[in-house]
Amino acid sequence: MDQEKIRQAVRLYLEGIGEDPDREGLVDTPDRVARMCEEIFGGLGKTPEEHLQKQFSTGSSDMVVVKDITFYSTCEHHLLPFYGKVHIGYIPDGKVVGLSKLARTVEVYARRPQIQEQLTGQIADALMTYLAPKGAMVMIEAEHTCMTMRGIKKPGSKTVTIATRGNFVDNYERQKTFMDMVRE
């Protein structure tokens, strides 16, 4: 990440909205924002492979579900946050992954500017690529500040996206089982 470019951009942004970037309360803001970008966009250039490669053998092919994984991301259209919960389910094909590795996979993709629909598919695709389960299903429920604090201004509204892969596609009974487990 180019910290200097970010600092310059923040100074210009502050000037553009009519602020004085040299006033006491704002003088360190370009540096703070540059450091913040390292954290909130830390998923750029990373893949979940390192997290999903540590696998364990299992004789079970019963569904594994991890629900309510909190995430924060940034809308690529307005550069405003969206946040919520990710629910992940998969059917192992001889291998499972440590449960925390699923949350780390979410973080890799959430920490970059993008849209929720893409985030949902990226997580499902990563499971299929690196874990190679029989199937995967991912659901994300999120509140978008680009919709709650500007534009239509409807706080509390949530967007729900779902991605199905492998033996979840067109298997509505399996999808219902996942949804029932998430809603418990």
Side-chain angles (χ1 to χ4, degrees), residues 1-21 23 25-52 66-90 97 99-131 136-165 182:
M1 218 166 274
D2 190 330
Q3 296 284 314
E4 186 53 36
K5 279 188 177 181
I6 296 168
R7 284 190 285 274
Q8 291 171 7
V10 172
R11 268 192 77 76
L12 286 172
Y13 181 81
L14 291 170
E15 289 172 0
I17 64 170
E19 266 291 358
D20 174 9
R23 78 172 169 82
L26 293 175
V27 72
D28 293 327
T29 297
D31 190 52
R32 281 192 293 270
V33 171
R35 286 192 318 267
M36 176 191 70
C37 286
E38 288 284 340
E39 182 178 346
I40 66 173
F41 299 121
L44 287 166
K46 293 187 177 179
T47 71
E49 182 176 16
E50 69 176 284
H51 305 300
L52 295 176
V66 178
K67 63 182 190 175
D68 296 330
I69 301 168
T70 301
F71 80 96
Y72 298 89
S73 193
T74 304
C75 167
E76 66 184 28
H77 299 145
H78 299 98
L79 295 181
L80 288 172
F82 66 97
Y83 58 91
K85 305 280 186 187
V86 176
H87 315 291
I88 297 173
Y90 71 95
V97 69
L99 301 177
S100 69
K101 304 310 184 194
L102 297 174
R104 291 186 189 283
T105 298
V106 169
E107 288 299 301
V108 165
Y109 291 116
R111 296 197 177 276
R112 53 181 77 174
Q114 65 173 304
I115 59 174
Q116 180 176 332
E117 296 87 342
Q118 178 178 324
L119 175 61
T120 310
Q122 287 172 328
I123 296 166
D125 291 341
L127 292 173
M128 296 304 290
T129 298
Y130 300 112
L131 185 56
M137 186 165 173
V138 177
M139 181 171 84
I140 298 180
E141 302 172 279
E143 186 166 332
H144 293 249
T145 60
C146 58
M147 193 170 135
T148 62
M149 66 181 282
R150 58 154 302 280
I152 192 73
K153 297 183 184 89
K154 297 296 179 198
S157 60
K158 296 235 164 100
T159 300
V160 178
T161 51
I162 295 174
T164 57
R165 303 291 187 267
V182 166

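Computed from heavy atoms alone, side chains included, the values below leave out hydrogens, waters and symmetry copies. Owing to the predicted nature of the structure, the values given are computational and were not obtained by experimental measurement.
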Side chains of Arg111 and Glu39: does their closest heavy-atom pair fall under 4.5 Å? yes
So do the side chains of Leu127 and Arg165 get within less than 4.5 Å of each other, counting heavy atoms only? no
Decide side-chain contact (heavy atoms from CB on, under 4.5 Å) for Gln114 and Tyr109; before the verdict, give the C-alpha distance in whole Å, the side-chain angles of both, and the deciding distance to 0.1 Å. CA-CA 9 Å; Gln114 65 173 304; Tyr109 291 116; 4.2 Å; yes
Without hydrogens or angle criteria, can the side chains of Gln116 and Thr161 be said to hold a donor-acceptor pair below 3.5 Å? yes
Just how far is it from atom CG of Leu26 to atom CG of Leu14, taken to the nearest 0.5 Å? 5.5 Å
To the nearest 0.5 Å, how far apart are NE2 in His87 and CD1 in Ile123? 11.0 Å
Test side-chain contact (heavy atoms from CB on, under 4.5 Å) applied to Phe41 and Thr74, step by step: CA-CA 8 Å; Phe41 299 121; Thr74 304; 3.6 Å; yes
Does the pair Arg104/Glu107 count as a salt bridge with the N-to-O cut at 4.0 Å? no
Should we say atom CD1 of Ile152 is surrounded by more than 12 heavy atoms from elsewhere, each under 6.0 Å from it? no
So, Lys153 and Thr148: side-chain donor and acceptor under 3.5 Å apart, yes or no? no
Is there a side-chain contact between Thr105 and Val97 (heavy atoms, below 4.5 Å)? no
Which label fits His144 and Phe82: parallel for a plane angle under 30°, tilted from 30 to 60°, or perpendicular past 60°? parallel
